[in-house]
2 protein chains.
Amino acid sequence: METTGRTDQERSAERRRRELLEAADRVVLRDGPGASMNAIAAEAGITKPILYRHFGDKGGLYKALAVRHTDALLDALRAALDAPSARRERVEATLDTYLAAIEANPQVYRFLMHPAEGTSQGEGAFDVGLHSAPLLRRLGEELAEVIEERVDLGPESALLSRVWGHGIVGMMHAAGDWWLGERPCSRAQLVRSLADLLWGRLAAAGDRVGGPGF
Amino acid sequence: METTGRTDQERSAERRRRELLEAADRVVLRDGPGASMNAIAAEAGITKPILYRHFGDKGGLYKALAVRHTDALLDALRAALDAPSARRERVEATLDTYLAAIEANPQVYRFLMHPAEGTSQGEGAFDVGLHSAPLLRRLGEELAEVIEERVDLGPESALLSRVWGHGIVGMMHAAGDWWLGERPCSRAQLVRSLADLLWGRLAAAGDRVGGPGF
DNA sequence: GACTCTCGTTACCGCAAGTAACAAAGTTCT
DNA sequence: AGAACTTTGTTACTTGCGGTAACGAGAGTC
């Protein structure tokens, strides 16, 4: 049959692509985001031009890698986000899921946050807004959706949910990044502290000495 | 006097350094963070080796640039942070100062967030924790200090203030980044939304339909 | 006048991204 | 079977960047 023939080809191409991605993954995890295309090709047992035929350029390869990992993390987060528990517990579960993921393999996490290097050879006009890690954007949008569909925020809910989605994700990310570097406390403590912040403890706390506190 | 001679030399060297930094600034603002050393040298009217004599390597130059801008931004933020007003107003003023700064020239902002590229030629062992933008770390620490010295947080104030410092800075950064890209609302609206989030409105809001809300 | 020290140059090395040109294998059409 | 084509892979090249070595010229110093 002709269909089997074409399907075989396509399946073979896809399998090859997955193999290449896995090799690239190994190299990036070992050598960091600056791994060379030669190194990746060598790890995969082939040479550069094949990589370029499959992924176009280095950006394409890295994007494919990032999508893989981002999808995996997003699945885990969605599960925590959709659990049938009280809001605070769910927030804590989501925070903990994220932190556990970046704790489990920081290399992946690091790679996801610095995917865009670009030879900069291109046009000088760069648009701010596309530069930062796409993972954070996706997370922010995802969280925004969940917030808007679940929480009653009054008339401005569309705007508020998005601001909060991105804001909370950024909070989680920055705190997690700092925590990974310094390890000043347990994961559970960090989760509780962040949830406390989101629960308005900053506003509720009293001033320390004289004058108006922060 | 010998001192005048040496002072003249030192002053000349420092002036030269400042000139070079300003040239580098212009190029980086024009071409983005991937600007080449050749381009920077050309803009300064000289050639590469001089840059290397002054700054060691590209990282040194970029670090010097980053310190300049970071200091400037930090000064502005400290002013907002130290104003003699109520806590909420101060938080809003700080948020607004930061957002106004990144709105005023996004190129600088973008450069500050992606300073560490590294040829990756070096050792494979990379330490997570040093990779992210140093600006965010400095901001987080600064804010943590202010929080701890002004707000009464009970026994765990040392930990809480640092978690919150980095978390709030991350929130501000991520929300600002998204906002810069999409411009979904005015700066004032964004500031209010973020302050509302910090003031516990997420915890206070009711569920939307049936079941436990987010 | 020789000595040195700073500022500057040109010319080069190494390396990585990306590409062109070619080689060998299987597939398909006649 | 044999010619044409697509797939899969190669080697060898170009371009451009970070970084450095080696050299050149002017200004103070003994």
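In the text below, chain A, chain B and the rest are named by the order of the sequence lines, each starting its count at 1. Remember, it's a predicted structure, so these values are computed and weren't measured experimentally.
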J.: Which atom pairs, donor and acceptor, lie under 3.5 Å between side-chain atoms of residues 40-48 of chain A and protein residues at least two apart or in another chain?
T.:
| residue | atom | partner | partner atom | Å |
| --- | --- | --- | --- | --- |
| A:Glu43 | OE1 | A:Arg30 | NH2 | 3.2 |
| A:Glu43 | OE2 | A:Arg26 | NH1 | 2.5 |

J.: Applying side chain to side chain contact (heavy atoms under 4.5 Å, CB included) to B:Leu29 and B:Phe111, what does each step give before you reach the verdict?
T.: CA-CA 8 Å; B:Leu29 258 53; B:Phe111 165 72; 5.9 Å; no
J.: In chain order, what residues pass the side chain to side chain contact (heavy atoms under 4.5 Å, CB included) check against A:Ala64, with sequence neighbours excluded?
T.: A:Arg17, A:Leu21, A:Phe55
J.: What is the separation between atom CG on A:Leu61 and atom P on C:dA16, rounded to the nearest whole Å?
T.: 16 Å
J.: Which residues satisfy the side chain to side chain contact (heavy atoms under 4.5 Å, CB included) test with A:Val191, sequence neighbours excluded?
T.: A:Glu92, A:Leu95, A:Asp96, A:Leu99
J.: Taking only residues two or more places apart in sequence, or in another chain, which ones meet A:Asp75 in a side-chain hydrogen bond (donor to acceptor under 3.5 Å, both in side chains)?
T.: none
J.: Holding to salt bridge (Lys or Arg N to Asp or Glu O under 4.0 Å), I want the full list of residues that pass it with A:Glu182, two or more places apart in sequence or in another chain.
T.: B:Arg162
J.: Polar-atom pairs under 3.5 Å, protein N or O versus N or O of nucleotides 24-27 of chain D: list them with distances, or write none.
T.:
none

J.: Quick one: list whatever passes side-chain hydrogen bond (donor to acceptor under 3.5 Å, both in side chains) with A:Glu142, sequence neighbours left out.
T.: A:Arg78
J.: Atom CD of A:Glu14 and atom P of D:dT7: how far apart are they, to the nearest Å?
T.: 15 Å
J.: Specify the residues of residues 48-59 of chain B, ordered by number, for which at least one heavy atom lies under 4.0 angstrom from an atom of DNA chain D.
T.: B:Lys48, B:Pro49, B:Tyr52, B:Asp57, B:Lys58
J.: Could you measure the distance from the CD1 atom of B:Ile147 to the CD1 atom of B:Ile168? Nearest 0.5 Å is fine.
T.: 4.0 Å
J.: OP1, OP2 of C:dT9 versus side-chain N and O of B:Thr47: anything below 4.0 Å?
T.: yes
J.: Can you list everything that forms a salt bridge (Lys or Arg N to Asp or Glu O under 4.0 Å) with A:Glu89? Sequence neighbours excluded, please.
T.: none
J.: For DNA chain D, find the residues of residues 17-27 of chain B with a heavy-atom distance under 4.0 Å and give them by number; none if there aren't any.
T.: none
J.: What is the separation between atom CE on A:Met37 and atom C1' on C:dT19, rounded to the nearest whole Å?
T.: 12 Å
J.: Give every residue pair that meets the salt bridge (Lys or Arg N to Asp or Glu O under 4.0 Å) criterion with at least one member in residues 49-58 of chain A, sequence neighbours excluded.
T.: none
J.: In whole angstrom, give the distance that lies between atom CD1 of B:Ile46 and atom C1' of C:dT10.
T.: 14 Å
J.: What residues, two or more places apart in sequence or in another chain, satisfy side chain to side chain contact (heavy atoms under 4.5 Å, CB included) together with A:Asp196?
T.: A:Arg88, A:Arg192, A:Arg201, B:Trp164
J.: Could you tell me how far apart A:Asn38 (CG) and D:dT10 (P) are, to the nearest whole angstrom?
T.: 11 Å
